[in-house]
Asker: 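This structure is in structure tokens; I'll ask about it shortly.
Residue numbers count from 1 along this sequence.
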Amino acid sequence: MPIHSGVIDNPKADRIRKVSDLSSRKRREEYGRFCIEGPQAVREAITYRPEIIGDLFVQVNESDGHIDVVSPVVESLQELSQESGIYVHHVTERVMHRISTDSQGILAVADSAALQVDVNDLAISPKAMIAAFWQIRDPGNAGTVIRAADASGCDVVVFVDDCVDVLNPKVVRSSVGSLFHIPVVTLSSEEFFQWTSKFGASVNAADVYGLEGRPAIQLPELLEQEATTQDQPRAFLFGNEARGLPEHILKQVHRTVYIPMYGKAESLNLATSAAILLHTVAMSSHFERI
């Protein structure tokens, strides 16, 4: 696809207004589009999911009849997008600022429906690992846990119940491209437990206390138990940033596990806990295969 002739320099243009509107969840749902901001996220989207991208907006400087892309990194991404057949629009700094203050000179507009996955179409292997998050609300945390799940080799991320919009610009940005590496789906708690039950996954809740008569076990103990069991898919469910997991959710899981603390810190935040637990389980699994 060609680079659009000319440079868009009117921040009030209808096309620019519609892209700017994608910061709103209501408009994202109305238009069926979302934004991918910044070089790293755009690069991963072009590399792994180019079919979802419709337009690329590239900031340029124009002087003496010459058009210069703002940086070599952005220029290389423009070339990569051309190879993938993505339509490129050159825009001025003030137009890019209207679209996004976090673009670092490049922004892609992608098809929301094209990124969505039907959870029933996912092939879940006996060794699959699933990262699930109940009512996660902070977009920065949401993007970070998607990245942690990706780094740990998880097969799917599930947002359970009333969570932040996966396509919120800060979620997309904070995932640093991992959103385009791993399926991310949203389910109700009932759908989540029905789905995991369908293929025999064990559901392990991350919680310090557990339930009366069924206390939480430490992460090393969980790894010891799993070393002697048959292969089966595993899901790890993390709670809301402020409230953790409620009792009615904990009653439906197989086990409750917590990360032991060896220093004086009282607790870990959600993103750190998810990264430690998921990566520890992943490393243990890989060591067992050697």
Asker: Testing the basics here: between A235 and T196, what is the closest heavy-atom pair and its distance to 0.1 Å?
Answerer: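 For A235 versus T196, the nearest heavy atoms are CB-CG2, 4.4 Å.
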Asker: Determine whether V42 and V74 fall in the same hydrophobic cluster, where Ile, Leu, Val, Met, Phe, Trp and Tyr are linked whenever their side-chain heavy atoms lie under 4.5 Å apart.
Answerer: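 Yes; V74 is reachable from V42 via cluster members.
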Asker: Test your reading of the model: is there a side-chain donor-acceptor pair from R94 to the backbone of D9, 3.5 Å cut-off?
Answerer: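 Yes, the answer is positive, given that a donor and an acceptor are paired below the 3.5 Å cut-off.
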Asker: Quick one: do E29 and R25 make a salt bridge, cutoff under 4.0 Å?
Answerer: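 A salt bridge links E29 with R25.
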Asker: So, using side chain to side chain donor-acceptor pair (under 3.5 Å) as the criterion, who are the partners of R173 when residues are at least two apart?
Answerer: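 If we apply the side chain to side chain donor-acceptor pair (under 3.5 Å) test to R173, skipping adjacent residues, the hits are E37.
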Asker: Which pair of non-hydrogen atoms, one from H89 and one from I8, has the smallest distance, and what is that distance?
Answerer: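 H89 and I8 have their closest heavy atoms at CB-CD1, 4.2 Å.
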Asker: Kindly indicate whether the side chain of H181, heavy atoms from C-beta on, has any atom under 4.5 Å from the side chain of E44.
Answerer: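 Result yes, sub-4.5 Å side-chain heavy-atom pair found.
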Asker: Determine the sole option in V60, V7, N61, N10 for which the side-chain contact (heavy atoms from CB on, under 4.5 Å) test with T92 is passed.
Answerer: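 In the set V60, V7, N61, N10, the residue that makes a side-chain contact (heavy atoms from CB on, under 4.5 Å) with T92 is V7.
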Asker: Does the T280 side chain pair with the main chain of I276, one donor and one acceptor, at a distance under 3.5 Å?
Answerer: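 Indeed, once roles are kept as given, a pair shorter than 3.5 Å links the two residues.
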Asker: Ignoring hydrogens and angles, state whether a donor on the side chain of D21 or S24 is under 3.5 Å from an acceptor on the partner side chain.
Answerer: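 Not at all, the side chains of D21 and S24 share no donor-acceptor pair under 3.5 Å.
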Asker: Using the side chain to side chain contact (heavy atoms under 4.5 Å, CB included) rule, take I106 and Q59 through it: C-alpha gap first, then chi angles, then the decisive distance, then the call.
Answerer: CA-CA 6 Å; I106 190 164; Q59 183 180 326; over 6 Å; no
Asker: Nearest 0.5 angstrom please: R255 CZ to L250 CG, how far?
Answerer: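 Interatomic distance, R255 CZ to L250 CG, rounded to 0.5 Å: 14.5 Å.
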Asker: Would you check if the side chain of E191 reaches a backbone N or O of S188 as a donor-acceptor pair within less than 3.5 Å?
Answerer: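 Confirmed, E191 side chain pairs with S188 backbone.
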Asker: Enumerate the residue pairs fulfilling ring pair (Phe, Tyr, Trp, His ring centres under 6.0 Å) with a member in residues 95-143, sequence neighbours excluded, ordered by first and then second residue.
Answerer: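 Sorted result for residues 95-143: F133-F238.
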Asker: Working to the nearest 0.5 Å, report the span between CD of Q225 and CG of L223.
Answerer: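 Interatomic distance, Q225 CD to L223 CG, rounded to 0.5 Å: 9.5 Å.
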Asker: Consider only side-chain heavy atoms of I, L, V, M, F, W and Y, link residues closer than 4.5 Å, and tell whether L245 and F159 are in one cluster.
Answerer: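 No: no chain of side-chain contacts under 4.5 Å links L245 to F159.
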Asker: Is V158 linked to I249 within one hydrophobic cluster, defined over Ile, Leu, Val, Met, Phe, Trp and Tyr using a side-chain heavy-atom separation of less than 4.5 Å?
Answerer: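 Yes, it is one cluster - the side chains of V158 and I249 are joined through contacts under 4.5 Å.
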Asker: With side chains defined as the heavy atoms from C-beta onward, is the minimum distance between L22 and I99 less than 4.5 Å?
Answerer: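 They are not in contact (no side-chain heavy atoms under 4.5 Å apart), so the answer is no.
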Asker: By side chain to side chain donor-acceptor pair (under 3.5 Å), which residues pair with E83, not counting sequence neighbours?
Answerer: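 Side chain to side chain donor-acceptor pair (under 3.5 Å) check on E83 returns nothing, list empty.
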Asker: Thinking salt bridges, do R137 and D162 make one under a 4.0 Å N-O criterion?
Answerer: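 Salt bridge between R137 and D162, a charged N being under 4.0 Å from a carboxylate O: yes.
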Asker: With hydrophobic residues grouped by side-chain heavy-atom distances under 4.5 Å, do V117 and I52 end up in a single group?
Answerer: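 Not linked; separate clusters.
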Asker: Kindly give the heavy-atom pair with the smallest separation between L107 and C35, and that separation in Å.
Answerer: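 Distance-wise, the nearest heavy atoms are CD2-SG, 4.0 Å.
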Asker: As a test of understanding, state which of I130, I182, L179 forms a side-chain contact (heavy atoms from CB on, under 4.5 Å) with V157.
Answerer: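 Filter result, single survivor: I182.
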Asker: Using 0.5 Å steps for rounding, measure from the CD1 atom of I46 to the CD atom of E79.
Answerer: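 The CD1 atom of I46 sits 11.0 Å away from the CD atom of E79.
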Asker: Can you tell me how far CD1 of I136 sits from CG of D161, rounded to the nearest 0.5 angstrom?
Answerer: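 It is 13.0 Å, given to the nearest 0.5 Å.
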Asker: Mark yes or no for whether S174, through its side chain, and V171, through its backbone, hold a donor-acceptor pair below 3.5 Å.
Answerer: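 Looks like no, no N/O pair under 3.5 Å.
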Asker: Any sub-3.5 Å donor-acceptor pair from R43's side-chain atoms to S76's backbone N or O?
Answerer: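 Absent.
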Asker: Quick one: CG on L77 to OG on S84, what's the gap to the nearest 0.5 Å?
Answerer: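 L77 CG to S84 OG: 10.5 Å, rounded to 0.5 Å.
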Asker: Please list all pairs meeting ring pair (Phe, Tyr, Trp, His ring centres under 6.0 Å) that have one or both residues in residues 185-212, counting only residues at least two apart or in different chains.
Answerer: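 Sorted result for residues 185-212: W195-F199.
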Asker: Do the non-hydrogen side-chain atoms of T256 and I217 ever get within less than 4.5 Å of each other?
Answerer: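 Side-chain contact under 4.5 Å: no.
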Asker: Is it true that R49 and E51 have a side-chain N and a carboxylate O under 4.0 angstrom from each other?
Answerer: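 Salt bridge between R49 and E51, a charged N being under 4.0 Å from a carboxylate O: yes.
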Asker: Can any side-chain N or O of H254 pair as donor or acceptor with the backbone N or O of V203 at less than 3.5 Å?
Answerer: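 Looks like yes, one N/O pair under 3.5 Å.
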Asker: Spell out, yes or no, whether I53 and V69 are grouped together once hydrophobic residues are joined by side-chain heavy atoms under 4.5 Å, including indirect joins.
Answerer: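 Yes; tracing contacts between hydrophobic side chains, which count when under 4.5 Å, links both residues.
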Asker: Ignoring hydrogens, what is the shortest heavy-atom contact between G54 and I86? Give both atom names and the distance.
Answerer: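 Heavy atoms of G54 and I86 come nearest at O-CG2, 4.2 Å.
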Asker: Going through the distances and angles, do V281 and N204 end up as a side chain to side chain contact (heavy atoms under 4.5 Å, CB included)?
Answerer: CA-CA 12 Å; V281 172; N204 305 277; over 6 Å; no
Asker: Looking at V166, V109, L115, N168, which one forms a side-chain contact (heavy atoms from CB on, under 4.5 Å) with F34?
Answerer: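 Among V166, V109, L115, N168, the one that satisfies the side-chain contact (heavy atoms from CB on, under 4.5 Å) with F34 is L115.
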Asker: Using modelled atom types only, decide if a donor and an acceptor are shared between the side chain of E241 and the backbone of D138 within a distance under 3.5 Å.
Answerer: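 Between the backbone of D138 and the side chain of E241 there is a qualifying donor-acceptor contact (under 3.5 Å).
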Asker: Do D150 and S178 pair up side chain to side chain, a donor and an acceptor below 3.5 Å, judged on atom types alone?
Answerer: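 Looking only at side-chain atoms, S178 and D150 do form a donor-acceptor pair, the distance falling under 3.5 Å.
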Asker: Side chains of H90 and Q78: does their closest heavy-atom pair fall under 4.5 Å?
Answerer: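 Side chain of H90 against side chain of Q78, heavy atoms only: contact under 4.5 Å found.
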Asker: Could you check whether any side-chain N or O of Q232 sits under 3.5 Å from a backbone N or O of G200, counting only pairs where one atom can act as donor and the other as acceptor?
Answerer: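 Between the backbone of G200 and the side chain of Q232 there is a qualifying donor-acceptor contact (under 3.5 Å).
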Asker: List the steps and the verdict of side chain to side chain contact (heavy atoms under 4.5 Å, CB included) for T186 and C163.
Answerer: CA-CA 8 Å; T186 300; C163 294; 5.7 Å; no
Asker: Nearest heavy-atom pair of S103 and M96: which atoms, and what distance?
Answerer: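 The pair with the smallest heavy-atom distance is OG-CG, 3.2 Å.
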Asker: Would you mind listing the cluster partners of Y48? Hydrophobic ones only (ILVMFWY), side-chain contacts under 4.5 Å, chaining allowed.
Answerer: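 Under the 4.5 Å side-chain rule, Y48 groups with nothing.
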Asker: For I146, which of V184, V176, N141 qualifies under side-chain contact (heavy atoms from CB on, under 4.5 Å)?
Answerer: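 When V184, V176, N141 are each tested with I146, the side-chain contact (heavy atoms from CB on, under 4.5 Å) holds only for V184.
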Asker: A side-chain contact here means heavy atoms from C-beta on lying under 4.5 Å apart; do L167 and R33 qualify?
Answerer: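 In short, these two side chains do not touch, never coming nearer than 4.5 Å.
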Asker: Drop me the distance from L278's CG to C154's SG, to the nearest 0.5 angstrom.
Answerer: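 It is 4.5 Å, given to the nearest 0.5 Å.
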Asker: Give a yes or no answer on whether the side chain of R98 reaches the backbone of P11 with a donor-acceptor pair at less than 3.5 Å.
Answerer: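 Yes; at least one donor-acceptor contact below 3.5 Å.
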Asker: Which atom pair, heavy atoms only, marks the closest approach of I259 to S273?
Answerer: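 Reported closest heavy-atom pair: CD1-O, 3.5 Å.
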Asker: Hey, are Y258 and D207 close enough side-chain-wise for a donor-acceptor pair under 3.5 Å?
Answerer: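 Their side chains do not contain a donor-acceptor pair, so the 3.5 Å distance test is not met.
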Asker: Are the side chains of R28 and D165 in contact, using a 4.5 Å heavy-atom criterion?
Answerer: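 The answer is yes; the side chains approach within 4.5 Å.
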Asker: Regarding H279 and S152, do their side chains bring together a donor and an acceptor under 3.5 Å, going by distance alone?
Answerer: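 A pair is found: one side chain offers a donor N or O, the other an acceptor, under 3.5 Å apart.
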Asker: Hey, is CD on E93 packed in by over 12 heavy atoms from elsewhere, all under 6.0 Å?
Answerer: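 Count not over threshold, so no.
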Asker: Evaluate side chain to side chain contact (heavy atoms under 4.5 Å, CB included) for I36 paired with F180, printing each intermediate quantity in order.
Answerer: CA-CA 11 Å; I36 306 167; F180 311 112; 3.5 Å; yes
Asker: May I ask you to test the R147-T144 pair for a side-chain heavy-atom distance under 4.5 Å?
Answerer: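 Result no, sub-4.5 Å side-chain heavy-atom pair not found.
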Asker: Please check this pair: side chain of S175 against backbone of V172, looking for a donor-acceptor N/O pair closer than 3.5 Å.
Answerer: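 Yes, because the side chain of S175 sits within donor-acceptor range (under 3.5 Å) of the backbone of V172.
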Asker: With sequence neighbours left out, write down each residue that passes side chain to side chain donor-acceptor pair (under 3.5 Å) with Q194, or none if nothing qualifies.
Answerer: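 Scan of Q194 (side chain to side chain donor-acceptor pair (under 3.5 Å), adjacent residues dropped) gives E190.
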Asker: Compare all side-chain heavy atoms of L277 with those of F236 and state whether any distance is below 4.5 angstrom.
Answerer: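 A side-chain contact exists here, since the closest heavy-atom pair is under 4.5 Å.
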